[in-house]
Amino acid sequence: MFIGIVGLGGKKTPVIDIFTHDLIEEIRVRFSGKNSPLQEWLKSLRNIPAEERKNAGALINELKNEIESCLKHFIESWRNEAEIKKLSQENEDISLPLPNINIGSRHPVMTVMRDLLEPFQRMGFSIVDGPEIDNDFYNFDTLNVLKDHPAREMQDTFFLASEWVLRTHTSNVQSHAMMERKLPLKIVCPGCVYRNEYDMTHLPSFRQIECLIVDKGIHLGHLRHTINEMLNAAFGRPVKLRFRSSYFPFTEPSAEVDVECQQCFGKGCRSCKHTGWSEIGGCGLVNRKVLESCGIDSNVYSGIALGFGIDRMAKDRFAIADLRSMLDGDVSFLKSFALS
Ligand SMILES: [Zn+2]
């Protein structure tokens, strides 16, 4: 009977039209399962004379192999036909061209941020996040920004209820880290910050990246090296830098960092206000007062800190004339960075 069924599958009648999955399983159990005649015969071998047992055993094993081979072939045929039938019932025309898919592009600011983080990860920095709404204690007090400092005025800072502010820099993450983490510290903090200003070179909401190292024996050489590594990665090529002595409450000594204008390459243009340079951030040794206000012994530890505007770097790297384009959401503008 079984051979007849297999024969039926091998002829012109498609097995898929006759057999269901359940029926196939029933056939398998019937002819090779634990209660099949084959198993009964094997069990009954012990009842026949020893001199006939060897021959009988060989015949039964031969039949067993034949049945299992036929079953395997039959089940494979059934599966193949089932697959072909399923595919033939699908109506998709795979030869049709794909619709025009707009996959978008990475925002220039995010491109620069991604490139900026790469050298920090390579140099073993931890990437640390922090609150965008924070207490002015972390945003100002611990950073030596005194109560009468102009940065605290309404025209620079978005004040919320009571002592809460939209953070004006990512330095608040440094305050949290110095007060809450164990030394030594080697962190980088990218994130969104807020200032009450809006013109060709200033945005009310932009991204900053800050780096902080606090350890024994940290000096300006570490700062210079870190900035070089970071900016070469951000611009994708070596860029010309200059350090200008400056003042920030949280660093001493402090410097502002300028990069050569990437639109006029030092000749002077509207974008760089005809200076040939573009200011991209500040840096310095962490002020001893800041270390002490965060509970760190400044006689034992020293630190470097830097904070750069990522939007400015993107503006310079991609020669974008007006910083406000970053927030416009103009698709044609963003599409021009599709390969960035
Ligand atoms: Zn220029």
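For the single chain, residues carry numbers from 1 onward in sequence order. Just so you know, ligand 1 is whichever comes first in the structure, and atom 1 is the first atom listed for that ligand.
With hydrogens and angles ignored, the 3.5 Å screen pairs a side-chain donor or acceptor of Q208 with a backbone N or O of T170. With hydrogens and angles disregarded, a donor-acceptor distance shorter than 3.5 Å links the side chain of D199 to the backbone of H202.
Taking the six-membered ring for Trp and thresholds of 30 and 60 degrees, H176 and Y138 have nearly parallel ring planes, at less than 30 degrees apart.
The heavy-atom pair separating W277 from L241 by the smallest distance is CZ3-C, 3.9 Å. The two residues Q262 and D316 come nearest to each other via the heavy atoms CB-O, 3.0 Å.
Within the protein, the N, O or S atoms sitting under 2.8 Å from the Zn ion (ligand 1) are C261 SG, C264 SG, C269 SG, C272 SG.
Counting only heavy atoms from C-beta outward, the side chains of L117 and P190 approach each other to under 4.5 Å.
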